[in-house]
**Student:** 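Before I ask anything, here is the structure I am working with.
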Number of protein chains: 2
Amino acid sequence: MKEHMTPATRMTGHTQRGQCAKRMSILDAAADVFCRQGFAGASIDEIAAVACVSRQTIYNHYREKETLFVAVVEDVMNRANAMLFSVLSTFPERAEDLEDDLTAFAVRLNKNCICNHDGKFLRKLVQTEGERYPHLFESWRQQGPGKLITALSALLGRLAHKGALAIDDFDVAARQFVALGNADLQMMILLGATPTDEELEKAARNAVRTFLKAYGRPEAEKAGHPPQLAAISG
Amino acid sequence: MKEHMTPATRMTGHTQRGQCAKRMSILDAAADVFCRQGFAGASIDEIAAVACVSRQTIYNHYREKETLFVAVVEDVMNRANAMLFSVLSTFPERAEDLEDDLTAFAVRLNKNCICNHDGKFLRKLVQTEGERYPHLFESWRQQGPGKLITALSALLGRLAHKGALAIDDFDVAARQFVALGNADLQMMILLGATPTDEELEKAARNAVRTFLKAYGRPEAEKAGHPPQLAAISG
DNA sequence: GTAAAAGTAGACGCCATTGTCTAAAACGTC
DNA sequence: GACGTTTTAGACAATGGCGTCTACTTTTAC
């Protein structure tokens, strides 16, 4: 019953830890297999093998395949949600060094929320089974991209309010920031490969440079003198 | 019953036309079912039902499920390829009315290549079965996004050469153009829904505006005097 | 009109998978 | 060491899909 959360050992220190470990092992294995094979293609036996657990144990914890599936999705979505929240809290607040700070933020966002295991899983599953489970799709959309854009929009608004950016539509700008950040990684994202740190850095750099060319107010960055003219006039 | 009609009346005008119609009917139905259910989840019986054809007929034309699958992928890829080529040939060449022309181009690209039936099918299939059929993924990547970026890169280069754009890295700019164009449509693209013409127009407008803010040279548009300084100095 | 080719319907064997059941083993607690 | 819970391994029926086969009908070519 009290499986989730940290190794809590609540409930009078029952055999909960063993059970909890099994459950997590099953969830991880199931996520792996579901992600690779899709719901229809995944077999309980394979999940059991990957989890190093007997098939019956899976049926003990989750009555049927579908129950296991939704449990996996919930589990991954919770993790991904927490990670997204954590990354969003590192969005730069100061107008100085904006390019570097935004770049570092874009790297964190891509690395920890979009190109990581959970991001890949959710994208693939939503793509694969989204039509069959509309609720799954809707829930993911709201908690994932929805929250991301809303939050980013507000954060960009704060920077704009400080005079660091010149944005007319914050929502559009937020979506464009994410889109630009993914522009160079699309292929890897689709394949599910994990980009190297260099690739992440370069992609983020390209994205932020273009984003700031479109929305930046160079003067705020250095102090208050006309900027970037050198680049343009050159 | 002989709607599509490719130039296939070879073979002394045999029964090819009837066969051809059946084949296409099967291919269409199979694309539909494979797209919705994935390879593992798709059943030959369902495909036969959708195609209004007996199961045996499918086995007559394509020896087994996998043969049918690759035939479907090839078929859709050929269509998508032709469409991409056709759309790319409408890329604007003149520097006047660049914003409107680029917007119209982005609309065409999104509508006919990315948000259409074939685009959805390929994206979903590549996502779903890409790891199981690396060849499929690679082939799609080269002929689809690869060609698109290469071509766009060259076309942007021509505009830049004419002084209409200020681009340092054409490849990056091409990817960003596509990414910006999709920014507002990501959700619909993932779900496979078809955006309305208004949504397409608005998304393209937002994308091109930002793209031109980053890469545009307003002077070229009007006549030929130093540009963008007004925007920056303001 | 006739004969060959293509398409149909249905039955069939085969195999993988799901989900249940049972009896034995492992584990943790007292 | 004894007890209850959990896990395990394997057998089991039921289901459903794949791919084959056969006998029948329709279409097409000449």
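Just so we're on the same page: letters track the sequence lines, and every chain starts at 1.
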**Student:** With sequence neighbours left out, what residues match Y133(B) under ring pair (Phe, Tyr, Trp, His ring centres under 6.0 Å)?
**Tutor:** F69(B)
**Student:** Touch check for A42(B), heavy atoms < 4.0 angstrom, all strands: base, sugar-phosphate only, or nothing?
**Tutor:** sugar-phosphate
**Student:** Roughly, in whole Å, what's the span from CD1 in I44(A) to P in dG16(D)?
**Tutor:** 17 Å
**Student:** How bent is the helix from dG1(C)-dC30(D) to dC30(C)-dG1(D), comparing axes over its five end pairs at each side, to the nearest 10°?
**Tutor:** 30°
**Student:** Tell me which residues in residues 54-73 of chain B put a heavy atom below 4.0 Å from DNA chain C, sorted by number, or none.
**Tutor:** S54(B), R55(B), Q56(B), T57(B), H61(B)
**Student:** With a 4.0 Å cut-off on heavy atoms, is A48(B) in touch with a base, just the backbone sugar-phosphate, or nothing at all?
**Tutor:** nothing
**Student:** Checking E93(A) now: which residues fulfil salt bridge (charged side-chain N to carboxylate O under 4.0 Å, His left out) with it, not counting sequence neighbours?
**Tutor:** R158(A)
**Student:** List the atom pairs, with distances to 0.1 Å, where a side-chain N or O of residues 183-194 of chain B and a protein N or O form a donor-acceptor pair under 3.5 Å, not counting sequence neighbours.
**Tutor:**
{"unit_1": "D184(B)", "atom_1": "OD1", "unit_2": "R175(A)", "atom_2": "NE", "d": "2.9"}
{"unit_1": "D184(B)", "atom_1": "OD2", "unit_2": "N206(B)", "atom_2": "ND2", "d": "3.0"}

**Student:** State whether Y62(A) and R23(A) meet the cation-pi test: NZ (Lys) or CZ (Arg) under 6.0 Å from the six-membered ring centroid, and within 45° of the perpendicular axis.
**Tutor:** yes
**Student:** Can you name the salt bridge (charged side-chain N to carboxylate O under 4.0 Å, His left out) partners of E129(A), sequence neighbours left out?
**Tutor:** R132(A)
**Student:** Could you give the CZ-to-P distance, from R23(A) to dT5(D), as a whole number of Å?
**Tutor:** 17 Å
**Student:** Go through the structure and list residues passing salt bridge (charged side-chain N to carboxylate O under 4.0 Å, His left out) with R55(B), not counting sequence neighbours.
**Tutor:** D45(B)
**Student:** OP1, OP2 of dT28(D) versus side-chain N and O of K22(B): anything below 4.0 Å?
**Tutor:** no
**Student:** Any salt bridge (Lys or Arg N to Asp or Glu O under 4.0 Å) involving residues 76-90 of chain A? Give me the pairs, sequence neighbours left out, ordered by first then second residue.
**Tutor:** D75(A)-R79(A), R79(A)-D118(A)
**Student:** Let me check something: any side-chain donor-acceptor pairs from residues 104-112 of chain B under 3.5 Å, sequence neighbours excluded? List them with distances.
**Tutor:**
{"unit_1": "R108(B)", "atom_1": "NE", "unit_2": "T90(B)", "atom_2": "OG1", "d": "2.9"}
{"unit_1": "R108(B)", "atom_1": "NH2", "unit_2": "T90(B)", "atom_2": "O", "d": "3.1"}
{"unit_1": "R108(B)", "atom_1": "NH2", "unit_2": "T90(B)", "atom_2": "OG1", "d": "3.2"}
{"unit_1": "N110(B)", "atom_1": "ND2", "unit_2": "G181(B)", "atom_2": "O", "d": "3.1"}
{"unit_1": "K111(B)", "atom_1": "NZ", "unit_2": "D197(B)", "atom_2": "OD1", "d": "3.1"}
{"unit_1": "N112(B)", "atom_1": "ND2", "unit_2": "R108(B)", "atom_2": "O", "d": "3.2"}

